[in-house]
**Student:** 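Quick one: the structure is below, and I'll ask about it shortly.
Every chain is numbered from 1, with letters handed out A, B, ... down the list of sequences.
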Number of protein chains: 2
Amino acid sequence: MTLDEIGRRAKAVSRVLNTLGSREKNIGLEEAARALLDGEEEILTANRADCERAEAQGMSQGLLDRLRLTPARVQAMADGLLQVASLDDPVGEVLSMKLRPNGLQIGQKRVPLGVIGMIYEARPNVTADAFGLCFKSGNAVILKGGSDAVNSNKAIVECLRSGLACAGLPEDSLQLMEDTSRDAARELMRLNRYIDVLIPRGGAGLIKTVVENSRVPVIETGTGNCHIYVDETAEFHMALDIIFNAKTQRIGVCNACESLLVHRKIAKEFLPVLKKRLDEKGVEVRGDEDACAIIPEFTPATKEDWGMEYLDYILSLKLVDSVEEAISHINTYNTGHSESIITSDYFNAQKFLNEVDAAAVYVNASTRFTDGEEFGFGAEIGISTQKLHARGPMGLKELTTTKYIIYGDGQIR
Amino acid sequence: MTLDEIGRRAKAVSRVLNTLGSREKNIGLEEAARALLDGEEEILTANRADCERAEAQGMSQGLLDRLRLTPARVQAMADGLLQVASLDDPVGEVLSMKLRPNGLQIGQKRVPLGVIGMIYEARPNVTADAFGLCFKSGNAVILKGGSDAVNSNKAIVECLRSGLACAGLPEDSLQLMEDTSRDAARELMRLNRYIDVLIPRGGAGLIKTVVENSRVPVIETGTGNCHIYVDETAEFHMALDIIFNAKTQRIGVCNACESLLVHRKIAKEFLPVLKKRLDEKGVEVRGDEDACAIIPEFTPATKEDWGMEYLDYILSLKLVDSVEEAISHINTYNTGHSESIITSDYFNAQKFLNEVDAAAVYVNASTRFTDGEEFGFGAEIGISTQKLHARGPMGLKELTTTKYIIYGDGQIR
């Protein structure tokens with residue numbers, strides 16, 4: 001099937017999905033979950049083929065772990081669909097219907113976006129997760145997964161579509177691009193006549209390519225060069241716990257801490273206890289000149305370090321003279337994801353909250369909380385680091401738009 | 001000054017604007033309005049030079065009228081700034097602060113977008129209007145006006161900046177690109193390291209170029225192939241008044257009606273009275289075969305007519321068998337702007353509201369109401385016809401984004 005035909009079908013189906021009630025959509029999700037469990041054998045067989053090929057091609061253990069499916073992971077995908085079914089449906093709510101002086105009643109109604117394109121890499125569970133959220137919010141979705149997971153994705157999509165068919169719902173609500181080449185991805189990015197929004201999920205390279213080449217509006221997700229600033233009034237034990245958590249609890253995620261700013265006045269006292277705590281997990285600290293003068297075991301940082309998202313047991317560290325310098329450094333080097341200040345000072349807390357430019361700004365908490373589940377959305381399709389449409393974790397509501405509906409009785413201008 | 005330097009300055013100033021209160025911003029707007037009036041002489045002189053050159057180059061009377069400034073129009077620009085000063089400031093509002101089970105308080109705060117780029121054509125009043133809305137919502141703005149209005153724009157921007165300086169506010173809140181070439185515009189579209197959103201205002205060609213070339217997120221505005229569907233239960237007098245108003249009250253605007261759909265059952269009775277009414281203003285009707293069979297004076301429509309935004313005394317007309325066919329035709333050919341049904345039937349009204357995919361969907365009212373003032377926003381920066389971020393008329397609120405602010409007391413995951 002050509003991509004044009006895929007787009008045309010998605011657009012046509014989106015007109016149908018727009019008219020479905022929550023009850024019908026939830027039945028679709030439940031049938032899809034059941035079909036995933038029924039198809040476990042086929043899914044695992046297909047996934048084994050992907051994993052064997054990837055291993056033969058020398059894929060790293062970390063990536064292989066993301067690619068590999070198990071019975072428990074298939075169960076988790078099915079459970080995820082049921083969880084999405086249990087969430088409130090944002091579609092159809094009318095916000096702020098107002099009566100104008102001329103008698104027009106103008107309301108803003110929440111409606112599906114229409115057709116969503118997802119481009120992602122080698123995690124096959126994204127296939128089921130993305131389908132669940134897009135479907136519940138009334139959108140058709142076109143998936144372009146990574147070539148490493150092609151067999152797994154095909155098997156998963158086949159199950160999900162058969163579940164939809166069982167529920168008497170259109171299978172084309174979910175379509176997978178079988179061509180996983182870069183050319184096909186670029187063609188998808190130019191399909192603005194059919195696709196309303198494109199969401200890339202993956203590494204910085206993928207996201208940059210999409211932003212630079214897409215004619216379809218994009219929601220940028222993901223890369224996080226997250227900072228923690230330890231103010232001169234910080235409680236040390238709290239700072240240490242938060243830094244340790246934000247850096248080491250899970251290193252490969254976008255809300256992990258990558259860079260530390262410490263007030264110069266407390267550095268001599270704080271850096272030795274910091275080093276001791278980070279040594280527990282063997283974290284390499286790349287410090288500026290003054291930090292290295294205090295702790296000679298730190299690696300000297302280069303200018304490049306301030307912009308790095310390591311996703312590893314590495315942390316950059318810079319001493320600053322004030323909260324203002326910390327804010328300015330963060331606003332220069334951050335990726336607009338998550339930033340935290342550790343402080344006991346009221347005014348510095350407020351200043352940091354007001355002036356740091358990021359999707360999530362914390363006082364005295366770990367950056368690791370930037371997450372749809374932690375924020376209470378139930379599920380998320382990604383974390384937006386751009387400012388248009390959605391910022392921060394994106395749940396069902398962020399997969400909708402609004403339209404104005406106007407009731408008149410003959411009004412003219 | 002290079003465009004990189006312009007972008008750098010805008011970004012730096014946006015950090016300052018983000019911290020201003022409404023009172024300071026309103027003083028800036030008032031001083032800018034005063035400076036416009038004080039500079040009337042210089043502005044009109046500069047505008048005369050633009051108009052003379054444009055006339056010599058054979059610009060049409062319609063465009064010349066948009067380009068030309070008068071004392072009354074300068075006054076209107078100043079009044080517009082004072083009106084924006086009187087509007088509520090959307091910045092700083094915290095929506096839905098919630099307490100999570102772990103004690104984190106998570107709130108969503110409305111903040112400025114940051115730096116806005118505007119690309120527009122030959123209407124110099126857009127210069128003051130865009131500045132007013134961007135400044136009030138706490139954003140720095142970079143303007144790229146049309147080359148025909150270059151002297152007028154320079155004079156207006158000089159006044160506005162001097163007004164800001166008088167108020168002790170940063171002049172670089174507003175910067176005008178002196179290079180009005182297409183290459184400069186393309187460079188602006190690639191300045192995503194500084195600019196948060198690009199808003200093109202102008203004809204379909206300009207908007208298409210921006211959508212296809214921009215790396216900065218774009219809010220598409222403007223083009224309107226707006227339909228009116230006359231249902232079989234429509235009251236004829238209401239239908240005639242609304243069609244006459246929507247087509248002829250102002251022909252050059254994006255919310256004017258361009259295409260008419262009429263239920264086949266009433267066509268024989270309705271088309272003759274419609275023709276009579278439209279003849280009052282000499283509107284050319286381009287009808288499908290069946291419409292032309294009823295009124296031989298209609299021009300036969302070609303397939304291209306269904307997609308046309310005429311912006312002229314021309315209207316396409318097609319007979320349909322049902323509200324379903326009307327909706328399907330509209331969803332195929334519209335530009336997502338404004339659509340109206342004229343009906344007395346409750347179910348058809350609801351069906352049309354639910355299923356037509358557009359920024360504004362009307363029952364028994366003219367499409368001409370899609371406008372920030374008419375919707376009660378006080379002012380608008382354009383009408384978004386895309387689905388991300390903003391849809392329909394965009395006021396101050398649509399020039400903001402949100403960030404999550406989180407108060408903790410040591411939470412870790």
**Student:** Ignoring hydrogens, what is the shortest heavy-atom contact between Ala365(A) and Gly408(B)? Give both atom names and the distance.
**Tutor:** CB-CA, 4.4 Å

**Student:** Rounded to the nearest 0.5 Å, what's the gap from CG on Leu388(B) to CD on Gln386(A)? Could you check?
**Tutor:** 7.5 Å

**Student:** Nearest 0.5 Å, what's the CG-OH distance between Leu353(B) and Tyr404(A)?
**Tutor:** 15.0 Å

**Student:** Pick one of side chain, backbone, both or neither for Ala349(A), based on which atoms fall under 4.5 Å of a heavy atom in chain B.
**Tutor:** neither

**Student:** Does any backbone or side-chain atom of Val216(A) lie under 4.5 Å from a heavy atom of chain B? Answer side chain, backbone, both or neither.
**Tutor:** neither

**Student:** Just how far is it from atom CG of Leu240(B) to atom CD1 of Ile412(A), taken to the nearest 0.5 Å?
**Tutor:** 11.0 Å

**Student:** Taking C-beta and beyond as the side chain, do Ile406(A) and Phe369(B) meet within less than 4.5 Å on heavy atoms?
**Tutor:** no

**Student:** For the interface with chain B, which of Ser328(A), Gly376(A), Gly336(A), Ala239(A) has the highest count of heavy-atom pairs at distances below 4.5 Å?
**Tutor:** Gly376(A)

**Student:** Using non-hydrogen atoms only, which part of Ile327(A) is less than 4.5 Å away from chain B: side chain, backbone, both, or neither?
**Tutor:** neither

**Student:** Are side-chain heavy atoms of Arg391(A) and Val111(B) found at a separation under 4.5 Å?
**Tutor:** yes

**Student:** Considering only heavy atoms, which portion of Val361(A) lies under 4.5 Å from any heavy atom of chain B: side chain, backbone, both, or neither?
**Tutor:** both

**Student:** Side-chain donor-acceptor pair under 3.5 Å between Asn354(A) and Lys109(B), yes or no?
**Tutor:** yes

**Student:** Determine whether a donor-acceptor pair (N or O, by modelled atom type, separation under 3.5 Å) exists between the side chain of Lys403(A) and the backbone of Gly392(B).
**Tutor:** no

**Student:** Using a cut-off of 6.0 Å, state whether more than 12 heavy atoms not belonging to Asp88(A) lie near its atom CG.
**Tutor:** no

**Student:** What distance separates Arg215(A) CZ from Asn213(B) CG, expressed to the nearest 0.5 Å?
**Tutor:** 7.5 Å

**Student:** So, are Glu374(A) and Arg413(B) salt-bridged, with charged N and O less than 4.0 Å apart?
**Tutor:** yes

**Student:** Please classify the contact between Gln350(A) and chain B as side chain, backbone, both or neither, with a heavy-atom cut-off of under 4.5 Å.
**Tutor:** side chain

**Student:** Tell me, side chain or backbone of Ala359(A) under 4.5 Å from chain B's heavy atoms, or both, or neither?
**Tutor:** backbone

**Student:** Could you look at Asn18(A) and say if it's the side chain, the backbone, both or neither that has a heavy atom under 4.5 Å from chain B?
**Tutor:** side chain

**Student:** Tell me, for Asn245(A) versus chain B, whether the close heavy atoms (under 4.5 Å) come from the side chain, the backbone, both or neither.
**Tutor:** side chain

**Student:** Can you tell me how far the OG1 atom of Thr332(B) sits from the NZ atom of Lys11(A), to the nearest 0.5 Å?
**Tutor:** 10.0 Å

**Student:** Using a 3.5 Å distance criterion without hydrogens, assess whether the side chain of Thr401(B) forms a donor-acceptor pair with backbone atoms of Lys387(A).
**Tutor:** yes

**Student:** Flag the one option from Asp241(B), Asn331(B), Ile405(B) with the top tally of heavy-atom pairs under 4.5 Å to chain A.
**Tutor:** Asn331(B)

**Student:** Rounded to the nearest 0.5 Å, what separates atom OG1 in Thr19(A) from atom NZ in Lys351(B)?
**Tutor:** 8.0 Å

**Student:** Does the distance from a Lys or Arg side-chain N to an Asp or Glu carboxylate O, for Asp357(B) and Arg15(A), drop under 4.0 Å?
**Tutor:** yes

**Student:** What part of Glu355(A) is in contact with chain B, defined as an atom under 4.5 angstrom from a non-hydrogen atom: side chain, backbone, both or neither?
**Tutor:** both

**Student:** Check whether Ala246(B) gets within reach of chain A through its side chain, its backbone, both or neither, counting any heavy atom under 4.5 Å.
**Tutor:** neither

**Student:** Just wondering, more than 12 heavy atoms not from Arg250(A) lying within 6.0 Å of its CZ?
**Tutor:** no

**Student:** What part of Arg368(A) is in contact with chain B, defined as an atom under 4.5 angstrom from a non-hydrogen atom: side chain, backbone, both or neither?
**Tutor:** both

**Student:** Where do Ile219(B) and His389(A) land on the side chain to side chain contact (heavy atoms under 4.5 Å, CB included) test, with the steps shown first?
**Tutor:** CA-CA 10 Å; Ile219(B) 300 182; His389(A) 187 71; over 6 Å; no

